[in-house]
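Notes for the one structure printed next.
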There are 2 protein chains.
Amino acid sequence: MKRKSFAAVTSQQVAQLAGVSQSAVSRSFTPGASISPATREKVLKAARELGYRPNAIARSLNTARSRIIGVVVSYFENQFYPQVLETLARKLDTLNYHLLLFVGDRDGNVDRIFDQIMQYRVDGIVLASVSLSLDLSEECLAAGIPVVLFNRSEESGMASSVNSNNEAAARQIAEFFVAAEHQRYAYVGGVADSSVNIARQRGYLAALHEHGIDDVRVVNGDYETQQTIRAAYSLFSTGPVPDAIFVANDHMALTVMDVARYEFGLHIPETLSVIGYDDTGPSGWPSYALTSVSQPVQEMVDAAVELLMKQIESGTIEPEQIIVPGILVVRHSTRRPRNGVIEKEGVSLFQPQEVK
Amino acid sequence: MKRKSFAAVTSQQVAQLAGVSQSAVSRSFTPGASISPATREKVLKAARELGYRPNAIARSLNTARSRIIGVVVSYFENQFYPQVLETLARKLDTLNYHLLLFVGDRDGNVDRIFDQIMQYRVDGIVLASVSLSLDLSEECLAAGIPVVLFNRSEESGMASSVNSNNEAAARQIAEFFVAAEHQRYAYVGGVADSSVNIARQRGYLAALHEHGIDDVRVVNGDYETQQTIRAAYSLFSTGPVPDAIFVANDHMALTVMDVARYEFGLHIPETLSVIGYDDTGPSGWPSYALTSVSQPVQEMVDAAVELLMKQIESGTIEPEQIIVPGILVVRHSTRRPRNGVIEKEGVSLFQPQEVK
DNA sequence: GTGAAAGCGCTAACAC
DNA sequence: GTGTTAGCGCTTTCAC
């Protein structure tokens, strides 16, 4: 089984076989181009015979559109992102766009891979859990390449972003804990200066403050398992054990639950309530049944792609910040408040009467 | 904030600014090309000033090498695949290749997206948990595009593949169960005709058979959560409850554990031992502590990429089937045999004396 | 070592 | 509706 690789079939060869010009072939494969059904048939027949497929690379070169979206993800352990990736790939596929995947550094910086992305002349960029330096934002803007930050935002407003309402949802988490009459509050954060962490922490602390609660222990898990384990240890081994912990995302929250149960023998939710953020796969598994804010992946992806498409088609970049509401899904990792939890389509949600 | 998108900088513009020919610019960006350091400096300076980046699309067009590898994944819920994807993307990046991601259909068929892949003139294809029809295999072979099946194989031998030693590992699982004196055996399979499922089931049943055990209940979870739940129900609600279950992958095994514990109140491992395959993230979490065959993702990815590179560089396709050994990692979802479990670098492995 | 020139496979005016 | 032609931005001979 040995064979030299052959050059692929070109439109020229198809044209020859079909007895038409090369441009007729091109037109036969361009939706909406002016070509007679008869010619088109001849061309398609010849193409089929030769196994011809238009060369997307060549097309890209003179349309100046690659139909490729560069996507950077740096946090695969958090199931939320694979889910985003899958949804995004499917969505782009329906629009006949394609997804060039890059893996970001651990620290969530893209500068190193930015060159690579730009060399492929992508039509747009999605950064999931990754930030873009100001320089690069400017460069994209100058180059006319739309960028969407996914689950992250930046202050400059030079790039678009799609997020859930982190701060409001975090406030609701605080309200939930308070309604269930918890006493000792804690927060396990992610990378301290990530926009999402900042918003969630701020909302949580602010709402607690409004209830006169200012003694909140804050530790940091850095979105990373080992660090989260350390954070959880410090939380449980010194001082009074908290009975209400909001963890900045589910991935860390599950780790916190495991440490609480298996290292410290704590009972959830009897002595300790835990809430996460993302509502991703394992959170719904009965072993965890984690109360969590559900980020609507499909809506967020749709919004991101729509933003991208609008900017690509118009050739104009007008950054927009989109906020999609998340919902607090109540499961069994938390003590329940007497009021405010409602049942809807088989899941329990927290919706207190008074809207903030 | 509104700006028209501008055409990107071209090598022609850089040449003009540097006062050299356009080909000098090209050579400056081609490693190993014959160019004097002086000229190169001038060019790089001009390039920096203009923010020039070589256009990979244009380059691809006349080198007939896209430096893009098409990757198809269809099973994101199984953490194993995101992990593979991340590892693969990092590996390709170090070789200056790029990853065009496609999502396969639920049924693991790629025919629909095959056109898309081929249009981008990828230099190679990785199919993870996805099969390729014979027609398409032939087409790739004819087009000189190397294909590697990852965690799947096919009989025709027209495509390369990388797998762990499914059958041998499955035999070892049987030996493990038998050594711990289990009585009632079961197997929860994946998609019935997937190569991996066939090999695992065959190895497991064959080894049990050699021990005189032929009464093994076989149900099917289809690699899919809902179906796995149904399979587990049927396993636990009719006939005597098995005390030894091998589940074809971890993703399904965790579901089986949850159903056993939370729907049927069964105790693991006291009344029931469960073993999975993949040893992916959640399996190591203390809530599950699933005994599982560890697939060495890094080695498997390295092997896949190496295969690809060899074929790309030689321009010759010689399919190879690579088998990477997996290791049975023993945790707490199983009763332990008296002998054969050894400790190594902090993990417990099963390595019976007699090698089969 | 360097520039001129051809051409990779295609799209998009432009005439007819 | 169709063929002719001129590029898209680059790499790669080929002379010099």
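It should be emphasised that the depicted structure is a prediction, and the values quoted were computed from it without experimental measurement. Numbers restart at 1 for each chain; the letters A, B, ... are given by sequence-line order, proteins then strands.
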What is the distance, to the nearest angstrom, from the [atom1] atom on [X] to the [atom2] atom on [N]?
X        : N      : atom1 : atom2 : result
A/Ile57  : D/dG9  : CD1   : P     : 15 Å
A/Asn62  : D/dC10 : CG    : P     : 14 Å
B/Gln16  : C/dG3  : CD    : P     : 13 Å
A/Gln22  : C/dC10 : CD    : P     : 7 Å
A/Arg65  : D/dG9  : CZ    : P     : 14 Å
A/Gln119 : D/dG9  : CD    : C1'   : 13 Å
B/Asn55  : D/dC10 : CG    : P     : 5 Å
A/Arg59  : D/dG9  : CZ    : P     : 18 Å

Could you work out which one of [options] sits closest to the side chain of [X]?
X       : options               : value
B/Ser11 : C/dT11, C/dG9, D/dC10 : D/dC10
A/Thr63 : C/dA12, C/dA4, D/dC10 : C/dA12
A/Ser21 : C/dG9, D/dG9, D/dG3   : D/dG3

Grab the two heavy atoms, one from [X] and one from [Y], that are nearest each other, plus how far apart they are.
X       : Y       : value
B/Phe76 : B/Pro82 : O-CG, 3.6 Å
B/Ala33 : B/Arg27 : CB-O, 3.6 Å
B/Ala24 : B/Thr39 : CB-CG2, 4.4 Å

Ignoring backbone atoms, test whether A/Thr39 places a side-chain nitrogen or oxygen under 4.0 Å from the OP1 or OP2 oxygen of D/dT2.
yes
Check whether any side-chain N or O of A/Tyr52 sits under 4.0 Å from OP1 or OP2 of C/dC10, and answer yes or no.
yes
I need the residues from residues 24-36 of chain B with at least one non-hydrogen atom less than 4.0 Å from DNA chain D; give them sorted by number, or say none.
B/Ser26, B/Arg27
Want to settle it: does B/Ala38 or A/Gln12 sit nearer the 5' end of DNA chain C, counting the closest nucleotide to each?
B/Ala38
Going by an N to O cut-off under 4.0 Å, is there a salt bridge joining [X] and [Y]?
X        : Y        : answer
B/Glu41  : B/Lys45  : no
A/Glu306 : A/Lys310 : no
A/Glu86  : A/Arg90  : yes

Using a cut-off of 4.0 Å on non-hydrogen atoms, how would the nucleic acid contact of B/Thr10 be classed: base, sugar-phosphate, or nothing?
sugar-phosphate
A/Leu61 or A/Val20, whichever maps to the more 5' nucleotide of DNA chain D
A/Val20
Other residues, nucleotides and ligands only: do more than 12 of their heavy atoms fall within 6.0 Å of CD on B/Gln119?
yes
Donor-acceptor pair, side chain of [X] and main chain of [Y], under 3.5 angstrom:
X        : Y        : result
A/Arg121 : B/Ala58  : no
B/Arg67  : B/Asn96  : yes
A/Glu320 : A/Leu307 : no

Bend angle of the helix from C/dG1-D/dC16 to C/dC16-D/dG1, end axes from five pairs each (to 10°):
30°
